[in-house]
Amino acid sequence: MNLYDQIGDEKIDLLIDILYDEIIANDDRINILFHNGFEKVKMEQKRFFRMYLGAPGNIFSMPNLKQKHYIFPISAKEARYWAEDFEKALEKLELDETLKQFLAQKIRTLASQMINTVK
Ligand code: HEM
């Protein structure tokens, strides 16, 4: 069983809804970067996380995430804030603790790969 099988569609969707609607919407450190509301981002992220966690499909249909973020200045700070918000959302989700910790660790690495500016 991969992470996708263990977490499942329903909880992936719930996690992303909590992340944007409850956490990032209220996090003024980074929500200023989001100009078009959260609906499209949430939809794309739900798609992304299915693939990232191991849903069956073609790896080449993965969006080029880093390139899509070049227009937003993401320094080590923004990446850390985003990862912190992800962990807060994860805390609100009912999920096995070991799985949560494993996922949080993966996300910290992924978020640091999104850094595209020093300031
Ligand atoms: C693991 C880290 C991340 C993942 C998986 C992720 C994923 C995504 C996805 C899938 C989209 C939608 C792209 C599209 O339109 O096709 C998106 C948009 C966006 N992301 Fe991220 N992202 C991550 C980290 C970050 C960080 C660290 C920031 C900065 C704080 C950020 C800011 C944004 C913004 C501003 C948008 C566009 C919103 C708009 O269109 O107004 N992301 N992200």
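Remember, it's 1-based here, ligands and their atoms both numbered in the order they're listed.
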### Query
Does an N or O anywhere in Glu78 fall below 3.5 Å from an N or O of ligand 1?
no

### Task
Taking atom types as modelled, find out whether Glu78 and Ser75 have a side-chain donor-acceptor pair closer than 3.5 angstrom.
yes

### Task
Look at the aromatic rings of Phe48 and Tyr52 and report parallel, tilted or perpendicular, splitting at 30° and 60°.
parallel

### Task
For Ala111, take its heavy atoms, then give the atoms of ligand 1 lying under 4.0 Å from any of them.
1 (C)

### Query
Can you tell me the protein heavy atom closest to atom 28 (C) of ligand 1 and the distance?
Ile74 CD1, 3.5 Å

### Summary
among protein heavy atoms, the one nearest atom 32 (C) of ligand 1 is Phe34 CZ, 3.5 Å

## Note on the structure
among protein heavy atoms, the one nearest atom 12 (C) of ligand 1 is Glu44 CB, 3.5 Å

### Task
Looking only at protein heavy atoms, identify the closest one to atom 41 (O) of ligand 1 and say how far it is in Å.
Asn36 ND2, 3.2 Å

### Task
Give the numbers and elements of all ligand 1 atoms closer than 4.0 Å to a heavy atom of Ala79.
27 (C)

### Task
Tell me which part of Lys40 gets within contact of ligand 1: side chain, backbone, both or neither, using heavy atoms under 4.0 Å.
side chain

### Message
Using the rule given for ring-ring contact (aromatic ring centres under 6.0 Å, His included), can you reason through Phe86 versus Tyr81, listing the C-alpha separation, both sets of side-chain angles and the distance that settles it, and then say yes or no?
### Response
CA-CA 9 Å; Phe86 188 94; Tyr81 298 154; over 10 Å; no

### Query
If hydrogens are left out, which of Ile30, Asp85, Leu33 has an atom nearest to atom 29 (C) of ligand 1, that is, the closest non-hydrogen atom?
Leu33

### Message
Going by ring-ring contact (aromatic ring centres under 6.0 Å, His included), name the residues that satisfy it together with Phe34, two or more places apart in sequence or in a different chain.
### Response
Tyr20, Phe38

### Task
Could you tell me whether Tyr20 and ligand 1 have an N or O pair separated by under 3.5 Å?
no

### Task
May I ask you to determine how many protein N/O/S atoms are under 2.8 Å from atom 21 (Fe) of ligand 1?
1

